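This one's a predicted model, so the numbers in the text were calculated from it and none came from an experiment. Sequential numbering from 1 along the given sequence is applied to the chain's residues.
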Amino acid sequence: MDTLIIIPTYNEKENVNFLIQNIFKYIPETSILVVDDNSPDGTAEVVEELQNQFPRLACHQRKTDRGFGKSYLDGFKKSAAEEQYEKIVMMDADFSHDVKEIPKMIEKLFDFDVVIGSRYVKGGRIENWNWRRRLLSRFANFYVRTILGTPISDMTTGFMCFRKEILEKIKPDSVKSEGYAFLVEFKYRIFKAGYKIFEHPIVFTERREGESKMSFKNIWEAIW
């Protein structure tokens, strides 16, 4: 009851219905906040319809200033306003992150402040990616670790959970990066603040439906 799963969406109508049902099937006591970036495909409408079935499902529609990082910032602000939540989970809507791993990651928050779903620790791996995407991801993480001097193996993953109290010290509004670079800067600030971090091995799977939001613009923005 004290866990909130935040899922940013943009044109995820084909995935969001089954994902939400899957989460409540395996973790019925959790709550979900879908932060939708004004998807033209009707993603928000699908979520709102599911609210009749799942009372702990909420949908926040963002009409302006669209962006991946901004969606999470709005989600963090809403979680901070709800005192019952002590743990926050961040995950994608495209089934690349396995719902069944969430309880294992949350359990580790008894000993750690942050648990990262990592593809690049022992037991973790990527499925259904071609060699170009694998090479790009490996290079991106090597580059980030080298530039920022962090020991985190998977700095670019979007699958993680943490104690909500860290938001009081990190102050997410101070994160300047947008797009997928937000994930890197957020982890870096957590590391610099001295929190205990654990990397939990995950199997990352290619998205189930729809098209990837990653573009070369996102990649170069992250490198810069």
Side-chain angles (χ1 to χ4, degrees), residues 1-63 66-109 115-117 119 127-128 157-164 167 180 182-183 186 200 202-214:
M1 293 290 287
D2 65 351
T3 301
L4 177 66
I5 300 175
I6 301 177
I7 308 172
T9 58
Y10 182 71
N11 285 350
E12 294 290 357
K13 180 181 179 180
E14 297 169 316
N15 291 311
V16 74
N17 187 330
F18 188 61
L19 175 65
I20 289 170
Q21 300 208 38
N22 223 24
I23 291 173
F24 282 124
K25 174 183 177 181
Y26 290 104
I27 325 167
E29 69 280 6
T30 195
S31 297
I32 300 174
L33 171 62
V34 175
V35 184
D36 185 67
D37 245 352
N38 201 22
S39 298
D41 74 341
T43 299
E45 286 77 4
V46 172
V47 177
E48 289 171 347
E49 188 172 327
L50 286 169
Q51 287 178 302
N52 297 321
Q53 183 179 352
F54 302 110
R56 287 198 297 277
L57 170 64
C59 182
H60 173 57
Q61 292 190 62
R62 304 181 69 252
K63 300 295 185 180
R66 201 165 62 205
F68 179 81
K70 292 183 175 67
S71 292
Y72 267 126
L73 290 178
D74 279 2
F76 293 159
K77 289 174 184 175
K78 287 197 167 293
S79 71
E82 301 290 339
E83 293 184 359
Q84 73 266 32
Y85 300 129
E86 298 178 4
K87 305 177 186 75
I88 305 294
V89 177
M90 300 167 60
M91 70 179 300
D92 293 343
D94 59 8
F95 283 91
S96 57
H97 301 146
D98 188 350
V99 170
K100 295 177 185 178
E101 296 298 325
I102 294 176
K104 303 174 192 175
M105 293 169 67
I106 290 174
E107 187 176 356
K108 288 184 171 66
L109 288 178
V115 179
I116 295 172
R119 300 161 290 182
E127 292 185 346
N128 304 323
T157 180
F159 195 18
M160 60 186 290
C161 61
F162 57 87
R163 298 176 185 272
K164 192 182 77 171
L167 294 177
Y180 290 87
F182 170 85
L183 298 171
F186 186 56
H200 173 79
I202 62 166
V203 177
F204 182 91
T205 307
E206 180 59 282
R207 68 165 34 249
R208 179 169 174 162
E209 301 288 350
E211 297 181 2
S212 174
K213 312 301 183 299
M214 179 65 76

Quick one: are [X] and [Y] in side-chain contact, heavy atoms under 4.5 Å?
X: M105; Y: V89; answer: no
X: F54; Y: S31; answer: no
X: H60; Y: V34; answer: no
X: L33; Y: K78; answer: yes
X: I88; Y: C161; answer: no
X: I6; Y: M91; answer: no
X: M160; Y: V115; answer: no
X: Q51; Y: Q53; answer: no

Side-chain donor or acceptor of [X] paired with backbone N/O of [Y] under 3.5 Å:
X: K164; Y: Y85; answer: yes
X: D92; Y: D94; answer: no
X: K108; Y: H200; answer: no
X: T157; Y: G117; answer: yes
X: T30; Y: T3; answer: yes
X: T43; Y: E12; answer: yes

I need the minimum non-hydrogen distance between [X] and [Y], along with the two atoms involved.
X: S71; Y: V35; result: O-CG1, 3.6 Å
X: T205; Y: N128; result: CG2-ND2, 3.9 Å
X: G69; Y: F182; result: CA-CG, 3.7 Å
X: L167; Y: S79; result: CD1-OG, 4.1 Å
X: I7; Y: A93; result: CG2-CB, 3.6 Å

Parallel, tilted or perpendicular, as decided by the 30° and 60° cut-offs, for the rings of [Y] and [X]:
X: Y72; Y: F68; value: perpendicular
X: H97; Y: F204; value: perpendicular
X: F162; Y: F76; value: perpendicular

>> side-chain contact (heavy atoms from CB on, under 4.5 Å), that's the test. Do V47 and L57 meet it? Break it down for me.
In response: CA-CA 8 Å; V47 177; L57 170 64; 4.0 Å; yes
Residue pairs passing the salt bridge (Lys or Arg N to Asp or Glu O under 4.0 Å) test with at least one member in residues 31-56, sequence neighbours excluded, are D37-R62
For the [atom1] atom on [X], are there more than 12 heavy atoms of other groups (residues, nucleotides or ligands in this structure) within a distance under 6.0 Å?
X: K87; atom1: NZ; value: yes
X: K70; atom1: NZ; value: yes
X: E83; atom1: CD; value: no

### Message
Using salt bridge (Lys or Arg N to Asp or Glu O under 4.0 Å), reason through E107 and K104 one step at a time and then give a plain yes or no.
### Response
CA-CA 5 Å; E107 187 176 356; K104 303 174 192 175; over 6 Å; no
N/O donor to acceptor pairs below 3.5 angstrom from side-chain atoms of residues 17-29, sequence neighbours left out:
from: N17; atom 1: OD1; to: Q21; atom 2: NE2; distance (Å): 2.7

In this structure, OG of S96 is separated from CD of E127 (nearest 0.5 Å) by 12.0 Å
